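Please read the structure below before turning to the comments.
These numbers come from the heavy atoms of this one structure, side chains and all, not from hydrogens, waters or symmetry mates. Convention: sequence-line order gives letters A, B, ...; per-chain numbering from 1. Note that this is a predicted model, so its numbers are computed, not measured.
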Amino acid sequence: MAKATIAIHGGAGAIARASMNAGDEQRYRQALSLIVADAQSRLAAGQSALDVVTEAVRQLEECPLFNAGRGAVLTHQGQHELDACVMDGSTRAAGAVAGVTRVRNPVLAARAVLENSPHVLLIGEGAESFAEAQGLERVENHFFTTPQRRAQLERAIADNQMRLDHDAGSLSPDRKFG
Amino acid sequence: TVGAVARDSAGGLAAATSTGGITNKQAGRVGDSPLPGAGCYASAGVAVSCTGSGEVFMRLLAAYDVAALMEYGGLSLAQATQKVIMEKIPELGGSGGLIAVDAAGNLALPFNSEGMYRAYGVAGEQPVVAIYRED
C-alpha cells in the first residue's frame with residue numbers, strides 16, 4: 001500500500017540563490033519545514049487528505065512570507081482581495097471563495113463552502129456574509145498588510161506594472177510570483 | 001500563492017490553493033487559484049495545486065489538464081505534469097509551477113521559473129524542503 005504523502009508550495013517565480021540573503025532563505029526553509037512536518041504528523045495520525053491540505057494551507061496563510069492570508073499582496077487601491085479553493089478527490093466536492101477582504105483564513109471559508117453550501121464558488125460580499133454566518137474569524141483588511149508588501153505596491157505603482165508575488169519580492173528582491 | 005496536495009492512508013486525495021493575487025492588480029481581478037480545474041483540482045486519480053501566471057493557467061485549465069492527460073491520455077503523473085508546466089504553459093507565455101500527487105502516492109513538483117518554494121514528505125520520513133532549481 002502506498003504511503004500517505006504531502007506536498008506544499010509557497011509560490012514560484014524568479015527566485016535566484018544569488019538574490020536572497022542567508023537569513024531570508026533560512027526563514028523560508030524553516031516555515032516550509034515546520035508546515036510540511038506538521039502535515040506529515042497529521043497524515044500519520046490518520047487524518048484525511050482533505051483535513052491535512054486545509055490545515056497546511058491555513059498555516060501558510062498565517063505565515064507573512066507567503067502571498068496568501070497575512071502577507072498577501074495589495075491591489076492598486078491598496079486593499080487585499082483573497083481567493084482560495086479546496087477540492088476532495090474522493091467525492092469531487094469543491095468549495096471556493098474569491099475577492100474576500102475580511103476573512104482571516106480564506107481556505108477555511110472555501111472549506112465551509114464545500115461542506116455547508118450547495119454552491120462551489122462564492123465571491124465578494126456574498127462570500128463574506130457566508131463566512132460570517134459560518135462563524136469564521138474576520139479581521140480588518142489591514143491585518144493582511146506587511147511593510148514588505150506595501151513597499152512592493154509602491155514600487156509597482158511607480159513602475160506602472162502588475163507583478164506576481166515572488167517577482168515582486170517580499171523579503172527578497174524584486175522577482176518572484178505565484 | 002500557496003497550496004497543498006495530499007494522499008492519506010486510506011488512499012484519499014485532496015488539494016487546496018490560496019492566494020492574494022498580483023501586486024498592483026485591478027480590483028476584482030480573479031486568477032486561477034479559486035477556480036476548480038484551473039489552479040486547484042482533485043479526483044480519485046490525482047490532486048493538483050498550481051502557482052504562476054493565473055490567466056494562462058485559467059485558459060489551459062491547467063490543473064484539470066494534468067488529470068485529463070493521465071485519465072484519457074494514459075500519461076504518468078511525471079509525464080502529465082511535465083507536459084503542462086514545461087510545454088503548454090510556456091507556449092501561451094505563462095510561467096509558474098504546480099505540485100501534484102497521484103493515487104499511488106507519487107509526487108511531482110515541476111516549475112518553469114527560476115525557483116519555487118516547495119516541500120514534501122512521506123508520513124514517518126524526513127521532509128524535503130527546496131527553493132531553487134538546483135536544490
Side-chain angles (χ1 to χ4, degrees), chain A residues 2-17 28-29 32-33 36-37 40 43-44 46 48-50 52-54 56-57 60-61 66-68 72-73 75-77 80-90 94 96-98 106-107 152-153 156-157 162-164 168 178, chain B residues 1-28 30-31 33-36 39-44 47 49 51-53 96-97 99 101 104-105 107 109 111 113-124 127 129 131-132:
Chain A
K3 289 185 176 181
T5 307
I6 175 77
I8 62 173
H9 72 77
I15 309 164
R17 188 185 296 275
Y28 278 103
R29 288 187 183 277
L32 292 166
S33 180
V36 79
Q40 285 179 282
L43 285 170
S48 72
L50 184 62
V52 170
V53 298
T54 303
V57 168
L60 287 161
E61 288 176 342
F66 303 110
N67 177 23
V73 301
T75 67
H76 180 73
Q77 291 76 13
H80 298 279
E81 293 180 347
L82 309 176
D83 313 324
C85 181
V86 180
M87 190 159 181
D88 182 355
S90 303
V97 295
V107 72
Q152 278 179 12
L153 176 64
I157 289 174
M162 287 187 293
R163 289 177 177 157
L164 296 165
Chain B
T1 305
V2 305
V5 297
R7 179 200 185 278
D8 61 35
S9 54
L13 301 176
T17 310
S18 181
T19 192
I22 302 176
T23 301
N24 197 26
K25 73 171 185 175
Q26 177 178 323
V30 174
S33 297
L35 302 181
C40 184
Y41 186 74
S43 67
S49 174
T51 175
S53 314
I99 56 174
V101 60
L107 284 167
L109 301 89
F111 54 95
S113 50
E114 286 184 61
M116 181 167 79
Y117 295 104
R118 60 201 189 276
Y120 62 91
V122 175
V129 177
I131 299 175
Y132 312 110

Cut-off 4.5 Å, heavy atoms of chain B, and the answer for A:A156 is both
Practice task
Check whether any side-chain heavy atom of B:V5 lies under 4.5 Å from a side-chain heavy atom of B:L13, and answer yes or no.
Solution key: no
The interface call for B:A44 against chain A, heavy-atom contacts under 4.5 Å, is both
Interatomic distance, CG@B:N24 vs CD@B:Q26, rounded to 0.5 Å, equals 10.5 Å
Comparing A:T54, A:L50, A:L153 against chain B, the one with the most heavy-atom pairs below 4.5 Å turns out to be A:L153
One option among B:I131, B:V30, B:V101 has the most heavy-atom pairs under 4.5 Å with chain A, and it is B:I131
Of B:G28, B:A27, B:G12, the largest count of non-hydrogen pairs under 4.5 angstrom with chain A goes to B:A27
Here the gap from B:I99 atom CD1 to B:T51 atom OG1, rounded to the nearest 0.5 Å, amounts to 9.5 Å
Next item on the list: Walk me through it: do A:T75 and A:E81 pass the test side-chain hydrogen bond (donor to acceptor under 3.5 Å, both in side chains)?
Entry: CA-CA 7 Å; A:T75 67; A:E81 293 180 347; 5.5 Å; no
Between B:S18 and the options A:N67, A:V57, A:L82, the side-chain contact (heavy atoms from CB on, under 4.5 Å) test singles out A:V57
Of the listed A:A72, A:A84, A:S48, the one with the largest count of heavy-atom pairs under 4.5 Å with chain B is A:A84
Looking only at B:G39, B:P34, B:A6, B:P127, the option with the highest number of non-hydrogen pairs under 4.5 Å against chain A is B:P34
Of the listed A:H76, A:H9, A:E61, A:R29, the one with the largest count of heavy-atom pairs under 4.5 Å with chain B is A:H9
One option among A:V52, A:I157, A:D83, A:L60 has the most heavy-atom pairs under 4.5 Å with chain B, and it is A:D83
Using the ring of each side chain (for Trp, its six-membered ring), is B:Y117 parallel, tilted or perpendicular to A:F66, with breaks at 30° and 60°? perpendicular
Does A:Q77 have more than 12 heavy atoms from other residues, nucleotides or ligands lying within 6.0 Å of its CD?
yes
